[in-house]
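Here is the structure we will look at, set down as structure tokens.
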Amino acid sequence: MYRKHQFDLVLDAVSPEEAAQAAPQVLAPPALPTLAAARQRIAAVRPGAYARSRNSLEGAVTGLSPYLTHGMVTLREVLAGVCARHALEVQHKFVYELGWRAFYRYVWARRGARIFDSLHPGPLPESAYARELPADIREGATGLPVIDQAVRTLYATGTLHNHARMWLASYIVHLRKLHWRAGADWMVGHLLDGDLASNHLSWQWVAGTGSHKPYLFNAENVAKYAPAAWHSPGTVLDTSYEALGQIALQPDPVAPEPAASARACPRIAEPPLLAAPPASLDSVAPDPQAVAGRDVWLVHPWSLGELPADLAPDTLVVGLYLSDFHLLWPWSQRRWDFVGARMRELAPLCWHGDAASVGRALKAARSVRCQSDPHLAPWLPLWAQCSAPPGLFPAVDKPSDLFTQWWRRSTHGLRDAAELLAREGHCDG
């Protein structure tokens, strides 16, 4: 029943206090907000080990997702870096998983805000699913080790292996009968690498509103791919897929485990989500005088790669945290710190304000340029000349609603990854 479908993730490091609270966990080196760290991870990719072990929580995943999400590196840079050391066929699992990230951006570009609604009906009517995530899930106290460990890891590290994300989403939707939007909105707020397309469309894939059937898992699947602390024998998951399929089709939710008090770790508080950058990031209100008569390059949280080589020496680089976006999608302190550290490297001046104040301030500039991104697509073209980051996969010749269709069309006639890199790629988002 398991199918890996989203670009793999690696867990961020935690403080000793957080690690003690969340232990035992599957942890990896910290995701440092630098280009050097991203390039080191690219150089360390082992495609063969990745293909063999990527489904395991202790597998050879890459840890590149936060850097891709925030534009420090592109899919093209990642594949080029790996191909410089390893010859890959275009159908290699590593290339295939890069394709999922590009496909989700393709769907977002086609459907826009409709990705935040069910793409088609799921196993049950929409009205069968509750819209509020209950406290036992938010506090990691369901009594199911696999779920409670996943929640603790999410809070303690800001990310989660893709397989664990699927288990958590499947439990929330198909067993507890909670709408996928409730889970997706909650999770993305805590993710260091939260990308709205990958996150919300992955939840739809699990829920069965973006795929042909719901994704289910059982205790045997957990035991195969997760460490012992995650195993969940003797629980509602310790059954067959046929039985779980019947549960998914019933409107009544399963209850938290009867032995929750004995199984679960102590309840944990959900970390707060912040709709504005912390004071430590030193952002200020948009100011027309600061940019008056200047050429401006606008840096935002999804364009944290190298500055363009053609910037004039006197170009003013301005960082932007747009309140219109963050009021809708607040971030954890961990993510603000990750983004903010890199933003300060790039931009001597960082603004935080709403679209109206940003627009008024930028009118005073001589010119404004930036890199486009769908997270800020409603606003950036109003103020700036936007350029698309380099893509990896060619544009498909007709609309493709299924990944398999899109993959066949975007890799048609290609044998190895070097040929893919030689093609002109369409913007991956």
Side-chain angles (χ1 to χ4, degrees), residues 1-6 8 24 26 52-59 93 118 120-126 128-130 133-134 136-137 140-154 160-180 182-184 187 202-265 402-404:
M1 295 293 293
Y2 174 70
R3 187 174 85 187
K4 179 74 162 55
H5 69 291
Q6 178 185 339
D8 66 276
V26 183
R52 291 190 301 271
S53 68
R54 71 194 187 283
N55 291 344
S56 171
L57 269 61
E58 297 176 304
K93 278 295 182 182
S118 296
H120 59 71
L124 297 171
E126 296 268 300
Y129 299 96
L133 214 61
D136 68 287
I137 294 177
T142 67
L144 270 172
V146 60
I147 300 304
D148 297 341
Q149 289 285 4
V151 173
R152 282 170 162 74
T153 303
L154 175 65
L160 196 60
H161 189 286
N162 182 65
H163 212 160
R165 296 185 192 208
M166 295 170 67
W167 292 335
L168 185 53
S170 181
Y171 171 77
I172 286 173
V173 175
H174 301 305
L175 274 68
R176 296 297 295 273
K177 311 301 178 186
L178 300 161
H179 196 275
W180 67 265
M187 180 179 279
S202 291
W203 274 80
Q204 292 220 51
W205 190 93
V206 169
T209 61
S211 59
H212 292 306
K213 61 182 179 180
Y215 167 79
L216 303 171
F217 75 104
N218 63 10
E220 181 181 0
N221 186 253
V222 175
K224 182 176 181 180
Y225 292 111
W230 296 61
H231 295 181
S232 301
T235 67
V236 66
L237 296 173
D238 200 356
T239 188
S240 66
Y241 283 111
E242 290 72 22
L244 289 167
Q246 289 302 310
I247 292 175
L249 294 174
Q250 298 299 319
D252 296 326
V254 302
E257 288 295 301
S261 58
R263 290 180 181 274
C265 299
L402 300 176
F403 175 78
T404 51

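This structure is a prediction, so every number in the text was calculated from the model and none was measured.
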Closest non-hydrogen atoms of Lys177 and Pro251, given as atom of the first, atom of the second and distance, are CG-O, 3.6 Å

Does Thr142 reach the main-chain N or O of Gly140 with its side chain, forming a donor-acceptor pair under 3.5 Å?
no

Rounded to the nearest 0.5 Å, what's the gap from CD1 on Ile137 to OH on Tyr171? Could you check?
5.5 Å

Atom pair CG (Leu216) and CH2 (Trp167), whose distance is rounded to the nearest 0.5 Å:
14.0 Å

Does any N or O in the side chain of Ser211 come within less than 3.5 Å of the main-chain N or O of Trp205, such that one atom is a donor and the other an acceptor?
yes

Do Leu175 and Leu237 pass the side-chain contact (heavy atoms from CB on, under 4.5 Å) test, and can you show the C-alpha distance, the side-chain angles, and the key distance before you say yes or no?
CA-CA 9 Å; Leu175 274 68; Leu237 296 173; 3.9 Å; yes

Once you round to the nearest 0.5 Å, how far does NE2 of His161 lie from OG of Ser56?
6.5 Å

Set of residues satisfying salt bridge (Lys or Arg N to Asp or Glu O under 4.0 Å) with respect to Glu126, sequence neighbours excluded:
Arg131

Would you say that Arg176 contacts Pro256 through its side chain, given a criterion of any heavy-atom pair below 4.5 Å between the two side chains?
yes

Show the nearest heavy-atom pair for residues His163 and Asn221, with the distance to one decimal.
NE2-OD1, 3.3 Å

All heavy atoms of Val173 vs all of Ala207, minimum pair found to be CG1-CB, 4.0 Å

For His212 and Leu402, what are the C-alpha separation, side-chain angles and deciding distance, and is it a side-chain contact (heavy atoms from CB on, under 4.5 Å)?
CA-CA 10 Å; His212 292 306; Leu402 300 176; 3.8 Å; yes

For residues Phe217 and Tyr225, determine if any side-chain heavy atom of one lies less than 4.5 Å from a side-chain heavy atom of the other.
no

Would you indicate whether the side-chain heavy atoms of Gln204 and Ser118 approach each other to under 4.5 Å?
yes

Taking only residues two or more places apart in sequence, or in another chain, which ones meet Thr239 in a side-chain contact (heavy atoms from CB on, under 4.5 Å)?
Ala243, Leu244

Distance-minimising heavy-atom pair for Tyr215 and His174:
O-CD2, 3.3 Å

Check: Leu144 main-chain N/O paired with Thr235 side-chain donor or acceptor under 3.5 Å
no

Donor-acceptor pair, distance only, cut-off 3.5 Å: does the side chain of Thr153 make one with the backbone of Gln149?
yes

Which pair of non-hydrogen atoms, one from Leu160 and one from Met187, has the smallest distance, and what is that distance?
CD2-CE, 4.5 Å

Rounding to 0.5 Å, atoms OG (Ser170) and CH2 (Trp203) come to a distance of 9.5 Å

Relative to the ring of His179, is the ring of Tyr129 parallel (under 30°), tilted (30 to 60°) or perpendicular (over 60°)?
perpendicular

Do Lys224 and Asn55 make a side-chain contact, defined as non-hydrogen atoms from C-beta onward lying under 4.5 Å apart?
no

Ignoring hydrogens and geometry, is there a side-chain-to-backbone donor-acceptor pair from His231 to Ala219 under 3.5 Å?
no

Scanning both residues in full, the closest heavy-atom pair of Ala229 with Pro145 reads O-CB, 3.6 Å

